[in-house]
Amino acid sequence: MRKSDKMMVVHLLSILSLMSTITQAVEDVDAQTPWYFLKSETSGTVENAPLGSSPQRLRSSSATRGKSSHELSSIMKLDERQRDDPDEIMGFARLLQMSTTSSPTQSPTKRSPAPTNPPPSPTAPPTLPAPTNLPTQSPTNPPTFPPPTFSPTPSPTAPPTNSCGITDDERKEEIRKEVETVSDPVSVGTPGMPQNSAYEWLVNEDTLFICPTDPTVIQRYVMAVFYFSTEGSRWRECKAPNDFNSPAEIELANEACNITSEYGDDPKSNAWLTPESECAWGGTSCNTGTTMDSIDFQDNIIAGLLPSELGQLTGLENLALEEGLISGTIPSQLGSLQLLEILDLNVNSMRGTIPASLYTLENLIEFDIDTNDFSGSISSAIGQMTNLRFVQFFNNKFTSTLPDTLGELAALEVLSVEFNQLSGSMPASVCELVTENPTTKVSADCIFREESPPYVECDCCIFCR
């Protein structure tokens with residue numbers, strides 16, 4: 001507020017104080033009491049006092065306070081007629097105003113102390129800090145709030161590299177490329193197919209978290225294909241756990257597997273698809289700790305089909321899946337198992353012919369496929385399997401005659417071809433082997449029955465049906 005404005009306010013307050021004084025004075029004076037006008041002989045000023053006051057009362061009034069006896073003698077009386085005259089009253093008021101303004105510091109302070117306090121009120125509001133606090137806090141806080149910077153930053157760094165040194169998506173893609181080199185890509189991508197189930201387990205559920213560059217990635221995939229292809233969830237023992245991420249479920253599955261596998265110096269019998277090496281799964285073994293060399297189950301309700309991917313297990317020496325429910329044919333890819341010594345598929349429900357590729361397995365010692373539904377003829381190529389000792393083809397549907405090349409199997413110990421539809425006679429070369437080695441046992445349909453021809457004429461068979 002400007003100085004001139006402050007002075008105006010003070011002046012207005014003085015006027016208000018004066019008016020208040022006049023009003024109060026009028027109210028205090030009895031209407032019937034005459035008024036005196038007191039003229040100071042020393043100062044020449046005129047002061048007022050109530051008419052008819054005694055000298056004692058006059059001396060105690062504000063008009064006579066401090067006056068001498070000589071000054072009091074100069075009081076002029078205002079009679080009844082003068083109080084009723086307007087001109088006289090106005091003159092009295094002017095004299096009263098003059099007497100009040102001659103000493104402004106007494107009347108305002110004694111009559112009404114309130115006017116001295118209001119002046120600070122107009123100056124206080126401009127100095128309050130409230131108006132300056134609100135604008136400085138509100139606009140400055142929001143721009144410094146951090147959340148806008150949090151959301152965009154995690155996005156570019158979200159796909160971290162895993163233990164394989166690549167992202168999860170890259171790992172999946174690389175493993176898919178690997179498995180599609182041994183499986184039909186359509187089968188890998190078709191839900192419900194054993195190849196698809198094996199791939200999805202390998203990249204999404206196998207907590208062993210194998211990398212695409214791992215030398216056993218194909219082997220682990222093939223073993224998973226075998227599990228899903230032979231209906232592993234229905235096996236009698238060693239079936240996979242219900243929850244691949246639950247340690248408790250994995251432990252329960254391992255406890256239910258009692259088919260021991262030879263895994264180094266510590267035989268294992270873990271359930272299939274558990275997060276350990278496939279060499280530790282029940283019914284398997286690895287010769288060097290990493291290369292699968294044996295899959296051996298007997299009476300474990302192995303069903304379904306033998307997958308062609310088994311041909312990728314080139315280190316396999318023993319494939320024994322007897323007394324199961326396997327159907328379908330023998331995959332020709334098994335001819336790639338050049339180290340295979342035992343092929344035992346007896347007592348199943350397999351059909352079809354013996355693939356020509358199997359006759360190239362020169363290291364095969366046991367060729368046991370009895371009690372199935374195999375048909376066709378026995379190829380003369382069997383003669384090149386010079387290490388064969390046990391040939392058990394009985395109880396099938398083989399036809400035609402027995403090849404002479406069977407006599408080239410110098411290590412032959414057992415030849416069982418009965419309960420088939422073979423005809424002709426046992427090759428003389430085979431009977432010579434029996435003569436040279438009396439322990440060699442040969443059996444065939446060598447009893448003639450008119451109701452069930454044909455039959456095999458055999459002079460060296462120890463058993464004729």
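Fair warning: this is a prediction, and the values are worked out from it, not measured in the lab.
- Taking 4.5 Å as the limit, some side-chain heavy atom of V430 sits within range of a side-chain heavy atom of L415.
- The backbone N or O of I369 lies less than 3.5 Å from a partner atom in the side chain of N396, making a donor-acceptor pair.
- Here the shortest heavy-atom pairing between Y221 and V182 reads CE2-CG2, 3.8 Å.
- Listed here is the closest heavy atom pair of P191 and N196: CA-OD1, 3.4 Å.
- A distance-only check finds a donor-acceptor pair linking the side chain of D243 to the backbone of N245 [under 3.5 Å].
- Shown here for A198 and A224, the closest heavy-atom pair between the two residues is CB-CB, 3.7 Å.
- Residues E174 and K177 are paired through a salt bridge, judged by an N-O separation under 4.0 Å between the basic side chain and the carboxylate.
- For W235 and F297, the gap between ring centers is short of 6.0 Å.
- With hydrogens and angles ignored, the 3.5 Å screen pairs no side-chain donor or acceptor of N346 with any backbone N or O of D370.
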*Determine, stepwise, if the pair D404 / S380 fulfils side chain to side chain donor-acceptor pair (under 3.5 Å).*
CA-CA 7 Å; D404 292 339; S380 60; over 6 Å; no
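- Not less than 2.5 angstrom separates the SG atom of C431 from that of C458.
- Taking each heavy atom of W281 and E276 in turn, the nearest pair found is NE1-O, 3.7 Å.
- A side-chain donor from one of Q392 and D368 sits under 3.5 Å from a side-chain acceptor of the other.
- Contact annotation: the side chain of S429 never approaches that of E408 to less than 4.5 Å [non-hydrogen atoms, C-beta and beyond].
- One N or O on the side chain of T440 and one on the backbone of N437 form a donor-acceptor pair closer than 3.5 Å.
- To the nearest 0.5 Å, atoms CG (N348) and OG (S327) are separated by 9.0 Å.
- Looking only at distances, no side-chain donor or acceptor of T291 sits under 3.5 Å from a matching main-chain atom of N287.
- With no hydrogens or angles considered, no side-chain donor-acceptor pair links Q333 and E309 at under 3.5 Å.
- Here the side chain of S423 pairs no donor or acceptor atom with the backbone of T401 at under 3.5 angstrom.
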*Does the pair E418 and S443 meet the rule for a side chain to side chain donor-acceptor pair (under 3.5 Å), with working shown?*
CA-CA 6 Å; E418 67 274 17; S443 59; 2.5 Å; yes
*Determine, stepwise, if the pair S294 / D296 fulfils side chain to side chain donor-acceptor pair (under 3.5 Å).*
CA-CA 6 Å; S294 177; D296 193 338; 4.9 Å; no
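- In R389, the CZ atom is not crowded: 12 or fewer heavy atoms of neighbouring residues, nucleotides or ligands sit closer than 6.0 Å.
- Distance alone, capped at 3.5 Å, is enough to place a donor-acceptor pair between the T284 side chain and the E278 backbone.
- Closest heavy-atom contact between P212 and E178: O-CG, 4.1 Å.
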*Before giving the answer on ring-ring contact (aromatic ring centres under 6.0 Å, His included), spell out for F393 and F374 the whole-Å C-alpha distance, their side-chain angles and the decisive distance to 0.1 Å.*
CA-CA 9 Å; F393 289 177; F374 292 115; 8.6 Å; no
_Assess the residue pair K172 and N204 against the criterion (side chain to side chain donor-acceptor pair (under 3.5 Å)); give the C-alpha distance rounded to whole Å, side-chain angles, the decisive distance to 0.1 Å, and a yes or no._
CA-CA 9 Å; K172 292 178 181 179; N204 294 320; 3.0 Å; yes
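- Residues I301 and R236 come closest through the heavy atom pair CG1-NH2, 3.5 Å.
- A salt bridge between R220 and D206 is present, with a side-chain N of the basic residue lying under 4.0 Å from a carboxylate O of the acidic one.
- Sulfur-sulfur distance for C279 and C286: below 2.5 Å, consistent with a disulfide.
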